[in-house]
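One structure follows; several queries about it will come next.
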Amino acid sequence: MDAATEATRSLQGLSPELTARVPHLLEAMRTVGAGLDLHVTLDRIVATAAELADARYAAIGIVDETRAGLSDFVTYGVTTAQHEQIGALPDGHKGLLGALIHDPKPLRLDNLTEDARSVGFPPGHPPMRTFLGVPIRVQGEVFGNLYLTEKRGGAEFSEEDLHMVRVLATEAGIAIGNARLHAATRQRERWIDGSVAVTTELLAGSDVDDALAVVAEQARKLADSAAGIVLLPDDEGGLEIVAVSADEPAGIMGTQIPNDSPVVEQLLTGEPVFVEDSASDPRMVTDIAQRFGPSMMLPLKSGGRVLGTLATPRSRGARPFTAAERTLATQFAAQAALALVLADAQRDRERLAVYEDRDRIARDLHDLVIQRLFATGMILESAQRRTIVPDVALGVGKAVDELDVTIQEIRTAIFALQQGPAEAPSGLRTRVLREIGTAAVPLGFQPSASFIGPVDSRVGGLTGKNLIAALREALSNAFRHAQATRIEVVVDATIRLSDGTRGVRLTVADDGIGIPDGGRRSGLKNLAKRAESLGGRSTYGPGLGEAGTGTTVRWEAPL
């Protein structure tokens, strides 16, 4: 209201020429004040100002947070071809634009090229002579400057032009303030919605790897960054990238930041790190830093405990993160860390329930099933001794042998059920067999497993971890959707990938109903994303059933 009152007062005592232009000015003010989108508002301001002052070119230079340069430059009248010839937009550190930043006062020049502060134009820039510059203030603070050049007809900008543009700049400040408030509100809502989505997804029962992937994907989308990256502490005291969301994730997953990196100590103590340009910042010591520009590295901290780090780097040359974006991203990281803690606690409760159920099943198998099978075997042995028919005696003997094998298999199953995760060997072969054994309970049958090559010694830790997750996903899909009666699992560590590098292939084939047309493929997409993040691929085709019914999933990754 104060700005509007000042603008109204400035219209009093106008010359007849200026009075005649008041309706045009009022229409321009009405046009500028329409809408709430900031970029649309800026475009509308420069177009309206050029029309009001009859200028060929107009621009708004938005002052950056340091108050020393420009963060954005919105133009009117300059064609796309001219923009390409000019190249980079002005940064406001020098010349007339820089002078208006440091001394934000109205400026009118008959020939800007003769001004001592002018530094000339870059190649391809259209010629400009007359100049009019007016600061735009939003809530008393300089938001930027409105520039007009080249009054049509070769005339010079008049005092009336300056007066009209100053009034328009006042209205523009009000419109920009409203648009900024609306944009800030919408941005805050997006980050809050993103935090809710992450919390909901994590508490839905996803495993750890999927949970971290959700955090990376949501952070990338909300921060408008080129990648979303989650890093966890490694055994050497550094950080390792364990989840990536990017258009080109190959080569990022598994990257380690050593413990002597300048950023690691700061992150592990719970302090965020903000980088203006990852490619040139000496603190960024990894090769992948050359791909990116501005970056936020935020600790995933909850209850004084640092779980890891969330990084959201933008492409090289992209705009830096604003103070508001840094604050919102820091709050998102804290919420994501809390959700990870809650999700981990929930998974621990679910695991405890599973182990308790497995203990009950093991006791029942030992106390009831094995005892009954053993008693049945004794009865058959007694019958075998009494019979005088050789074929009957032979058949009964085979049945007793089968019962002995069955009892041994049940005892093996009991041992597996009673074995905790910390007690099990860590070899890939053992982990594959453990996943298959776990899946056998809901499936109702035991999938077969075979291994080709030295699986335990060849397959690296990161690839093995993702292979197990892929196997779990494939078996889960078979249980929930395939209605299979037979599943074969093969792990081959002797293959060559399409680019000639050595790799490992996981094959899971079933004889189920296959993948129906139009059916959900989220599980297959997860498998593909996991393989691509390592530089591999995942495909599917016909299964084991007659005429190729069922599904065969092939998941490959470098060793």
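What's counted below: heavy atoms across the whole structure, side chains too, no hydrogens, waters or symmetry copies.
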If we only count heavy atoms from C-beta on, is the Glu236 to Gln256 side-chain gap below 4.5 Å?
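Side-chain contact under 4.5 Å: yes.
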
Shortest non-hydrogen contact between Lys529 and Glu217, atoms and distance
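Result for this residue pair: NZ-OE1, 3.5 Å.
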
Strictly distance-based, threshold 3.5 Å: is any side-chain N or O of Asp511 a donor or acceptor partner for the main-chain N or O of Ala484?
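Pair absent, no side-chain N/O of Asp511 close to backbone of Ala484.
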
Please tell me if the side chains of Phe292 and Val275 come closer than 4.5 Å, counting only heavy atoms from C-beta onward.
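No, side chains not in contact.
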
Determine the minimum heavy-atom distance between Ala333 and Pro299, stating which atoms define it.
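It is CB-O, 3.9 Å.
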
Between OG1 on residue Thr463 and NZ on residue Lys465, distance to nearest 0.5 Å
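One gets 11.5 Å once the value is rounded to the nearest 0.5 Å.
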
Would you check if the side chain of Ser245 reaches a backbone N or O of Ala227 as a donor-acceptor pair within less than 3.5 Å?
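Side chain of Ser245 to backbone of Ala227, a donor-acceptor pair under 3.5 Å: no, none is there.
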
Just how far is it from atom CD1 of Ile241 to atom CG of Leu462, taken to the nearest 0.5 Å?
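Ile241 atom CD1 to Leu462 atom CG measures 10.5 Å (nearest 0.5 Å).
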
For the pair Trp555 (side chain) and Leu527 (backbone), establish whether a donor and an acceptor sit closer than 3.5 Å, ignoring hydrogens and angles.
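A pair under 3.5 Å: yes.
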
Can you confirm whether Pro313 sits close enough to Pro294 that some side-chain heavy atom of one is under 4.5 Å from a side-chain heavy atom of the other?
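Side chain of Pro313 against side chain of Pro294, heavy atoms only: no contact under 4.5 Å found.
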
Given 3.5 Å as the limit, does a donor-acceptor pair link the side chain of Arg505 with the main chain of Arg554, or not?
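Flag not set: sc Arg505 to bb Arg554 has no pair under 3.5 Å.
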
When rounded to the nearest 0.5 angstrom, what is the spacing between OG in Ser295 and CG in Asp281?
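Reported value, rounded in 0.5 Å steps: 9.5 Å.
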
Does anything in residues 262-276 pair up under side chain to side chain donor-acceptor pair (under 3.5 Å), and if so which pairs, sequence neighbours excluded?
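As it turns out, the side chain to side chain donor-acceptor pair (under 3.5 Å) pairs with a partner in residues 262-276, which skip direct neighbours, are Glu276-Arg326.
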
Please determine which of Ile257, Val242, Leu267 meets the side-chain contact (heavy atoms from CB on, under 4.5 Å) test together with Leu231.
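One option only clears the test, and that one is Ile257.
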
Does the side chain of Ile495 reach to within under 4.5 Å of the side chain of Ile452, using non-hydrogen atoms?
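SC-SC contact between Ile495 and Ile452 ruled out.
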
Taking atom CG of Leu524 and atom OG1 of Thr551, what is their separation to the nearest 0.5 Å?
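Answer for the CG-OG1 pair, Leu524 versus Thr551, is 8.0 Å.
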
Sub-3.5 Å donor-acceptor pair from the side chain of Thr376 to the main-chain atoms of Arg372, do we have one?
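Yes, Thr376 side chain to Arg372 backbone: donor-acceptor pair under 3.5 Å.
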
Do Val489 and Leu506 come close enough that some side-chain heavy atom pair is under 4.5 Å?
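Sidechains of Leu506 and Val489: in contact.
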
Examine distances only and state if a side-chain atom of Arg486 and a backbone atom of Ser448 form a donor-acceptor pair shorter than 3.5 Å.
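It does not hold such a pair.
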
Do you know the tightest heavy-atom contact between Ala557 and Leu534?
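Reported closest heavy-atom pair: CB-CD1, 4.0 Å.
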
Closest heavy-atom contact between Arg429 and Val455?
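For Arg429 versus Val455, the nearest heavy atoms are N-CG1, 4.4 Å.
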
State, with a plain yes or no, whether a side-chain heavy atom of Arg291 is found less than 4.5 Å away from one of Ile252.
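With C-beta onward as the side chain, the pair touches.
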
Spell out, as yes or no, whether a donor-acceptor pair under 3.5 Å connects the side chain of Asp510 to the backbone of Ile487.
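Not a single qualifying donor-acceptor pair exists.
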
For Ser261 and Pro258, indicate whether the former's side chain and the latter's backbone hold a donor-acceptor pair under 3.5 Å.
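Not confirmed, Ser261 side chain does not pair with Pro258 backbone.
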
Rounded to the nearest 0.5 Å, what separates atom CG in Leu544 from atom CD in Glu488?
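CD of Glu488 is found 5.0 Å from CG of Leu544.
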
Assess whether side-chain contact (heavy atoms from CB on, under 4.5 Å) is satisfied between Asp247 and Arg220, documenting all intermediate values.
CA-CA 11 Å; Asp247 291 334; Arg220 176 195 178 193; 2.7 Å; yes

Taking C-beta and beyond as the side chain, do Val432 and Ile468 meet within less than 4.5 Å on heavy atoms?
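Sidechains of Ile468 and Val432: in contact.
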
Looking only at heavy atoms, which two atoms of Pro233 and Leu268 are closest? And how far apart?
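Closest pair (atom of Pro233, atom of Leu268, distance): CG-CD2, 4.3 Å.
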
Would one find more than 12 heavy atoms of other residues, nucleotides or ligands at under 6.0 Å from atom CG of Asp287?
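Counting neighbours around CG of Asp287, 12 or fewer heavy atoms of other residues, nucleotides or ligands fall under 6.0 Å, so no.
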
Rounded distance (nearest 0.5 Å) linking atom CD1 of Ile229 with atom CG of Leu310
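The CD1 atom of Ile229 sits 9.0 Å away from the CG atom of Leu310.
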
Tell me whether Arg283 at atom CZ has more than 12 heavy atoms from other residues, nucleotides or ligands lying less than 6.0 Å away.
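Atom CZ in Arg283 is crowded, with more than 12 foreign heavy atoms closer than 6.0 Å.
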
Within the structure provided, determine whether Leu497 and Glu556 are in side-chain contact (heavy-atom separation under 4.5 Å).
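Side chain of Leu497 against side chain of Glu556, heavy atoms only: contact under 4.5 Å found.
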
Under the side-chain contact (heavy atoms from CB on, under 4.5 Å) rule, what do Leu42 and Ile62 come out as? Steps first, then yes or no, please.
CA-CA 10 Å; Leu42 295 175; Ile62 302 172; 3.6 Å; yes

Do the side chain of Thr322 and the main chain of Glu325 share a donor and acceptor less than 3.5 angstrom apart?
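It does hold such a pair.
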
Can you name the nearest heavy-atom pair linking Val264 to Gly237, along with the distance?
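Heavy atoms only, the tightest pair is CG1-O, 3.8 Å.
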
For Gln335, look at atom CD and say whether over 12 heavy atoms of other residues, nucleotides or ligands are found less than 6.0 Å away.
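It does: Gln335 CD has more than 12 such atoms within range.
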
